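Ligands are counted one by one from 1 in listed order, and the atoms in each one are counted from 1 as well. Given the structure is predicted, the values throughout are model-derived calculations rather than measurements.
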Amino acid sequence: MYIVMLGAPGTGKGTIGKILSKDLNLVHISTGDIFREQINKGTELGKKIQSYIESGSLVPDDVTIETVKTRLLEKDVEQGAILDGFPRTVIQAEALREFLKENKPNSKRVAIELDVPDDEIVKRVVNRVICSNKSCGAIYNKETKPPKQEGICDICGSELRKRDDDNVETVTKRLGIYHQNSKDLIEFYRENNALYSIYPKELDIAVNDIEKFLDEYKRKL
Ligand code: ADP
Ligand code: ZN
């Protein structure tokens with residue numbers, strides 16, 4: 001099964017995506033994480049995309065689509081994947097549909113939309129800190145979900161960091177870009193796939209509701 005996580009920055013795509021990935025035993029693929037890793041490693045791709053990410057703009061569709069296709073052809077994706085942060089434009093959604101039709105013709109596809117009011121999003125993002133240990137990647141919030149010890153991950157003890165693009169200016173810009181694309185994108189998934197929309201207020205309840213929906217969806221097919 002291929003699960004697309006739709007939602008503005010800071011709605012919990014990463015947090016919920018990672019939980020679903022464990023529970024459903026599907027790889028979690030985050031375009032943002034892939035891009036940040038390329039920047040940190042200083043690769044050609046990283047150099048090409050750095051300025052887009054720092055300013056909160058979208059990385060161009062052709063670069064993004066190529067990156068995701070390459071990732072989806074890797075071995076661990078055989079059973080499907082949780083796509084977090086992709087697609088973000090209708091062009092990307094169409095490219096994904098064509099790719100899956102060609103390469104994974106029998107796969108089930110479903111989209112989950114996380115819908116959170118903008119004022120709450122800004123608060124979530126500016127207070128967000130993330131575990132620097134890549135294989136952990138736990139996400140905290142200085143106000144709503146602080147770590148037990150400031151700056152240290154509860155789970156693995158690594159240092160917590162703020163993302164460079166998690167400031168008020170950039171998140172406002174990212175939100176604007178999200179809203180420019182989201183109507184068409186959600187319409188695309190309403191027409192083409194099963195779409196489940198939820199306001200994830202409480203994490204546990206949200207995950208539970210999504211998994212219940214996925215169960216029913218699987219049974220119907
Ligand atoms: P958030 O959802 O909080 O914005 P992500 O980690 O998903 O964070 O994305 C960070 C940045 O990476 C985006 O602001 C954008 O520059 C780039 N990016 C990620 N996914 C895509 C995509 N599908 N298309 C274009 N740019 C992307
Ligand atoms: Zn950690």
Q: Kindly determine whether R109 and L100 satisfy side chain to side chain contact (heavy atoms under 4.5 Å, CB included), including the steps that lead there.
A: CA-CA 9 Å; R109 297 142 212 204; L100 291 178; 3.8 Å; yes
(Q) Quiz question: by atom type and distance under 3.5 Å, do the side chains of S30 and K13 form a donor-acceptor pair? (A) no
Q. Starting from atom 3 (O) of ligand 1, which protein heavy atom do you reach first, and at what distance in Å?
A. R174 NH2, 2.8 Å
**Q.** Where ligand 1 meets I53 - atom numbers and elements under 4.0 angstrom, heavy-atom basis
**A.** 12 (O), 16 (O), 17 (C)
Q: Just let me know how R163 lines up against ligand 1, side chain, backbone, both or neither, with a heavy-atom cut-off below 4.0 Å.
A: side chain
Q) With only distance considered, is S30 within less than 3.5 Å of ligand 1 through an N or O on each side? A) no
(Q) What I want to find out is whether R124 reaches D119 closely enough, with some N-O distance under 4.0 Å, to be called a salt bridge. (A) no
Q: Provide the number and element of each atom of ligand 1 under 4.0 Å from a heavy atom of R36.
A: 6 (O), 10 (C)
Q) Around N25, counting heavy atoms of other residues, nucleotides and ligands shown, do more than 12 lie under 6.0 Å from its CG? A) no
Q: Distance to 0.1 Å, residue and atom name: give those for the protein heavy atom nearest to atom 23 (N) of ligand 1.
A: G85 O, 2.8 Å
Q) If you measure every N/O of D165 against every N/O of ligand 1, is any gap under 3.5 Å? A) no
Q: Name the closest protein heavy atom to atom 13 (C) of ligand 1, giving the residue it belongs to and the distance to 0.1 Å.
A: R88 NH2, 4.2 Å
(Q) Please list, in number order, the atoms of ligand 1 under 4.0 Å from a heavy atom of F86. (A) 23 (N)
Q) Can you list the atoms of ligand 1 that are under 4.0 Å from a heavy atom of T64? A) 22 (C), 23 (N), 24 (N), 25 (C)
Q: Considering only NZ, NE, NH1 and NH2 on the basic side and carboxylate oxygens on the acidic side, decide whether E216 and R219 come within less than 4.0 Å.
A: no
Q | Under 3.5 Å: donor-acceptor pair, side chain of K18, backbone of I139 | A | no
Q. Between the candidates V68, V171, I91, V59, which shows the shortest non-hydrogen contact distance to atom 26 (N) of ligand 1?
A. V59
Q: Check the pair K48, E44 against salt bridge (charged side-chain N to carboxylate O under 4.0 Å, His left out), reporting the backbone distance first and the verdict last.
A: CA-CA 6 Å; K48 212 189 300 182; E44 280 307 307; over 6 Å; no
Q) Can you find an N or O of D33 that's nearer than 3.5 Å to an N or O of ligand 1? A) no
Q. Does an N or O from A8, backbone or side chain, lie closer than 3.5 Å to an N or O of ligand 1?
A. no
Q) Is P87 close to ligand 1, meaning an N/O of one under 3.5 Å from an N/O of the other? A) no
Q.
Before you tell me yes or no, could you show the steps for T144 and K123 under side-chain hydrogen bond (donor to acceptor under 3.5 Å, both in side chains), namely the whole-Å CA-CA distance, both residues' side-chain angles and the distance that decides it to 0.1 Å?
A. CA-CA 10 Å; T144 57; K123 269 189 246 155; over 6 Å; no
Q. Where the side chain of D166 meets the backbone of K162, is there a donor-acceptor pair that is under 3.5 Å apart?
A. no
Q. Atoms of ligand 1 less than 4.0 Å from K13 heavy atoms?
A. 2 (O)
Q. How many degrees, to 10°, between C136 SG and C156 SG as seen from the Zn ion (ligand 2)?
A. 110°
Q: Flag R128 as yes when one of its N or O atoms lies below 3.5 Å from any N or O atom of ligand 1, and as no otherwise.
A: yes
Q | No-hydrogen, no-angle side-chain donor-acceptor test under 3.5 Å, D61 and T64 | A | no
Q: Could you find the nearest protein heavy atom to atom 27 (C) of ligand 1 and give me its residue, atom name and distance?
A: F35 CE1, 3.7 Å
Q) Are side-chain N/O atoms of D118 and H179 paired as donor and acceptor at under 3.5 Å? A) yes
Q | Geometric cation-pi criterion K145 and Y140, 6.0 Å radius, 45° cone | A | yes
Q.
Taking the basic N atoms (NZ, or NE/NH1/NH2) and the acidic carboxylate oxygens, is any pair closer than 4.0 Å for K173 and D165?
A. no
Q | atom 20 (N) of ligand 1 [closest protein heavy-atom partner, distance rounded to 0.1 Å] | A | T31 OG1, 2.7 Å
Q | Under 4.0 Å to a heavy atom of S57 - the qualifying atoms of ligand 1, by number | A | 15 (C), 16 (O)
**Q.** For Q92, atoms of ligand 1 separated by under 4.0 Å from a heavy atom
**A.** 22 (C), 23 (N), 24 (N), 25 (C)
